Structure formats: structure tokens, C-alpha cells
Asker: 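The structure that follows is given in the form of C-alpha cells.
Remember, predicted model here, so these are calculated numbers, not experimental data.
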Amino acid sequence: MKFKKLVSVFVVKFFKVYLSVELLCALSISLAIVIMHYSCTLHPPGGATALIYVIGSEKIQALGWLYPFTPIAIGALLMLLVALFINNLSQNEKRYYPTYWI
């Protein structure tokens, strides 16, 4: 899932010297979409997270290879924990999540 963000970090780190910001944006978004397509995880925020790193401030780009893990992975983990908590509070037995852990 974080491959699309890794792609944007890779594109900026290795091609920033050679390409303009516009081309970096296009390359990072298009590669993110290709990866999402082949991994069957295509969704609109994926392109946006790739774009955020390219056009983001120096603070965002200073994260470097940590960008895919912070704050995006932390946000996803928090959403998962809230979903687990809310769904398991329900009286409906079909709504308990997860039914089993892999």
C-alpha cells in the first residue's frame, strides 16, 4: 500500500536534479497509478499522497524515506483502531470485526 509513496520519494530523490517540478509531479503520480493498477489497489488518494511529497514544503521533503510511514501510516493505523473499537461495540453480531486474525 505504501509503494505509491515510496515511488514519489524515489522520483524526487533521484530525478529532482534533472526534471522540473511539473515533470516530477506527472512522473510520480503516473508511476503511483501504474503500481496501484497492477496491485489492484487503485484509489484517488494514492495519487494525491504521491503529489503531496513532490510539491510539499521542505518539512515534508525532509522526511525523506520516512514519508510513507509518517504521518500516513500513523493515520491509517489510527483509523483502523477506531474502526475496530466502534464495530466491536455494536450489538449486531455480523458487525464484529475482524472475525479472525490471519
Asker: Linking I/L/V/M/F/W/Y whenever any side-chain heavy atoms sit under 4.5 Å apart, do Leu78 and Leu80 land together?
Answerer: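 No; Leu80 is not reachable from Leu78 via cluster members.
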
Asker: Which value, rounded to the nearest 0.5 Å, describes the distance between Ser28 atom OG and Ile33 atom CD1?
Answerer: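 Ser28 atom OG to Ile33 atom CD1 measures 9.5 Å (nearest 0.5 Å).
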
Asker: Can you find a heavy atom in the side chain of Gln61 that is under 4.5 Å from one in the side chain of Lys16?
Answerer: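 The answer is yes, as the side chains (C-beta and beyond) meet within the 4.5 Å cut-off.
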
Asker: In this structure, which one of Leu31, Ile29, Leu27, Val12 forms a side-chain contact (heavy atoms from CB on, under 4.5 Å) with Val7?
Answerer: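 Output: one option passes, namely Leu31.
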
Asker: Tell me whether Phe14 shares a hydrophobic cluster with Leu19, the cluster being built from Ile, Leu, Val, Met, Phe, Trp, Tyr side chains joined at under 4.5 Å.
Answerer: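 Same cluster.
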
Asker: Pick out which of Ile55, Leu51, Val54 makes a side-chain contact (heavy atoms from CB on, under 4.5 Å) with Leu24.
Answerer: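 When Ile55, Leu51, Val54 are each tested with Leu24, the side-chain contact (heavy atoms from CB on, under 4.5 Å) holds only for Val54.
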
Asker: Could you state the interatomic distance from NE2 (His37) to OG (Ser30), rounded to the nearest 0.5 Å?
Answerer: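 These two atoms lie 13.5 Å from each other.
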
Asker: Find out whether Thr49 and Tyr53 are in side-chain contact, i.e. whether some heavy atom of one side chain is under 4.5 Å from a heavy atom of the other.
Answerer: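 Result no, sub-4.5 Å side-chain heavy-atom pair not found.
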
Asker: Counting distance only, does the side-chain N/O of Tyr67 pair as donor-acceptor with the main-chain N or O of Val9 below 3.5 Å?
Answerer: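 Not confirmed, Tyr67 side chain does not pair with Val9 backbone.
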
Asker: Is there side-chain contact between Val82 and Met79, with heavy atoms separated by less than 4.5 Å?
Answerer: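 Not in contact.
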
Asker: Given the rule that I, L, V, M, F, W and Y join up when any side-chain heavy atoms are under 4.5 Å apart, are Ile74 and Leu84 in one cluster?
Answerer: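 No, because Ile74 and Leu84 fall into different hydrophobic clusters, even though each may have its own neighbours under 4.5 Å.
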
Asker: Side-chain contact test, heavy atoms from C-beta onward, threshold under 4.5 Å: evaluate it for Tyr18 versus Leu23 and give yes or no.
Answerer: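 Answer no - side chains too far apart.
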
Asker: Does Ile60 share a hydrophobic cluster with Val11, counting links as ILVMFWY side-chain heavy atoms below 4.5 Å and allowing steps through other members?
Answerer: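 Yes, Ile60 and Val11 fall within the same hydrophobic cluster.
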
Asker: Could you tell me how the ring of Phe15 sits relative to the ring of Phe10: parallel (under 30°), tilted (30 to 60°) or perpendicular (over 60°)?
Answerer: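 Rings of Phe15 and Phe10: perpendicular, over 60°.
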
